[in-house]
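Accompanying notes for the structure given below.
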Number of protein chains: 2
Amino acid sequence: MSRLDRSLIAHMAPFEGLNPTELDRMIGQARALRITKDHAVFDQEQDAHSFFLLLDGYVRVIKTTPDGEEVTVRYISPGELMGIASALGRTTYPASAIAVVDCVVLAWPSGMWSEFASAFPNFGANTYRTVGNRLQDAHARVVEMSTEQVDQRVAHALLKLVRQSGKRTDEGLLIDFPLSRQDIAEMTGTTLHTVSRLLTAWEEQGLVRSGRQKVTVVEPHRLLMLAEGRTEKT
Amino acid sequence: MSRLDRSLIAHMAPFEGLNPTELDRMIGQARALRITKDHAVFDQEQDAHSFFLLLDGYVRVIKTTPDGEEVTVRYISPGELMGIASALGRTTYPASAIAVVDCVVLAWPSGMWSEFASAFPNFGANTYRTVGNRLQDAHARVVEMSTEQVDQRVAHALLKLVRQSGKRTDEGLLIDFPLSRQDIAEMTGTTLHTVSRLLTAWEEQGLVRSGRQKVTVVEPHRLLMLAEGRTEKT
DNA sequence: CGCAGCGTTGATACGATTCAAGGGAGGTGG
DNA sequence: CCACCTCCCTTGAATCGTATCAACGCTGCG
């Protein structure tokens, strides 16, 4: 087993303001795990034994309804914490997390979270800031779902993903992990059929390029116009 | 100006675990304010000078979109904190808060929040628990809006309000503040017309009784069935 | 008394889901 | 290397839930 080094995490937002000694103490307690594509990092309703930091890859956080429908809560990028049930005063995970590509994560026992938070106030504050940001994201999403039409919501979702993981290519900004029509539907509360129709329409207008589990945004600016509803239908 | 006494707040959730001395120190810094019906406690985008505790009344928290639509984020009941922008790492209020009846609130300068949180760890933890709960509420709402039809969302909204402020009357559980069709529409992302139709239909079935800015749930259990979608249309 | 605010109800329109069918690409095993 | 099979995507047609448009009634307050 390779020794974990503080340089792995030093530059990441959750650890901002921690000094090298503190980083060493935290990483000394971490286990590194590989999660292969389509496997769960943690499962909704299960006992929250650990919290996690994503080092590499992408993870989809989903909530499953009693009747089996899945709603995607967010995508996690490298450097983000996940499964921080303890920071929310829970003993159980409120959602499931699935690796969308092969991933590397660090895991700490949940019980350790409050120790870290009090021993390293910056870490606690950083985590709470994360929770605060996610609350604002969630509220923004509620507003979107209450006031926008499906096409605007899909456009917003794509732009959000591009901001999170956009990779410049010669065609435009590629979303850097496999993303199906169904996945987009689960982010926006619609069906894969509607997403498919929207994407083909946008492709004809040159806004995006897309294929099997792959979406490239060609004209972010025009897509944003559409997302903001500032376009008159032609 | 009447002296504020710690007994005002001692029994309220945000102050759980604080001893009398601590309560005195907190309340010593508070100002009590009366907010008359339909007036704002604070405004979206404004500088977050203070955070608040609702002592009496009810407050509606709303987000306004660029094009003027209003979405109700939540209703605040007595004993809840609001405007805790500092706990979210913000310097500005993310929403507006409007008194739906005449209210009494306590206000503290925002800057004092972090002082209190570190001086009285229980207070900090309680606040963060509140933020965590609101995050979960918001996610639950996203799931609802993604998977449920309007009638189920309206039913859920009414049940939530009944749980928060239901007052037993001889007809059933009355929601204890003025609540119009439009208000319900803003909570559920629909229109006042649709809400009106639903309520008259439910009234015919004996599920609710309602009038001008007034809703009474007569049969919470049957309404819950409907909210959970376990009813076959007759 | 009159008006403003809230509520109701019909008719119509439309966005999006649902139902249905088929095509294509990529991976796997023979 | 080819055949097959699975998973993903597309596209048409029918349907339905809800918004929109429109008009009117009621009620309580100033």
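All chains are named by letter (A, B, ...) in the order of the sequence lines, taking the proteins before the strands, and each is independently numbered beginning at 1. Source: prediction; values computed, not measured.
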request  = Considering just the side-chain nitrogens and oxygens of T190(B), establish if one lies under 4.0 Å of OP1 or OP2 belonging to dA19(D).
outcome  = yes
key: Euclidean distance, atom CD of residue Q182(A) to atom P of dC9(D) [Å, nearest integer]   = 9 Å
query = Is any N or O donor-acceptor pair between the side chain of R212(A) and the base of dC7(D) shorter than 3.5 Å?
reply = yes
query = To the nearest angstrom, how far is L199(B) atom CG from dG7(C) atom P?
reply = 9 Å
ask   = How long is the line joining CE of M145(A) and C1' of dG15(C), in whole Å?
value = 14 Å
ask   = Does the side chain of Q136(B) pick up a donor-acceptor pair with the side chain of R90(A) at under 3.5 Å?
value = yes
Working for salt bridge (Lys or Arg N to Asp or Glu O under 4.0 Å), residues R34(B) and D102(B) = CA-CA 7 Å; R34(B) 274 170 198 289; D102(B) 289 351; over 6 Å; no
ask   = Under 4.0 Å between a side-chain N or O of S180(A) and OP1 or OP2 of dC8(D)?
value = no
task = Would you kindly give the CD-to-P distance between Q149(A) and dT20(D), to the nearest whole Å?
result = 8 Å
ask   = Whole-Å distance between dT8(C) C1' and K214(B) NZ?
value = 17 Å
key: Carboxylate-amine/guanidinium contact R74(A) E80(A), below 4.0 Å   = yes
ask   = Between atom CG in L192(A) and atom P in dC19(C), what is the gap in whole Å?
value = 13 Å
request  = For the side chain of V150(B), starting at C-beta, report the closest nucleotide among dC21(D), dT18(D), dT17(C).
outcome  = dT18(D)
ask   = Rounding to a whole Å, what distance do you find between E148(B):CD and dT17(C):P?
value = 16 Å
Nearest heavy-atom neighbours spanning L81(A) and L53(A) = CD2-CD1, 3.9 Å
key: OP1 or OP2 of dT10(D) under 4.0 Å from side-chain N/O of S196(A)   = yes
remark   = Of dT18(C), dA16(C), dT9(C), the nucleotide closest to the side chain of R197(A) is dT18(C)
ask   = Between the side-chain atoms of H193(B) and the base atoms of dT18(D), is any donor-acceptor pair under 3.5 Å?
value = no
ask   = For the pair made of CD in Q213(A) and P in dC9(D), what is the distance, rounded to whole Å?
value = 6 Å
key: Residues R209(A) and E171(A) bridged, charged N to O under 4.0 Å   = yes
ask   = Is there a side-chain polar atom (N or O) of T200(A) under 4.0 Å from OP1 or OP2 of dT11(D)?
value = yes
query = Any side-chain N or O of R181(B) under 4.0 Å from OP1/OP2 of dT8(C)?
reply = yes
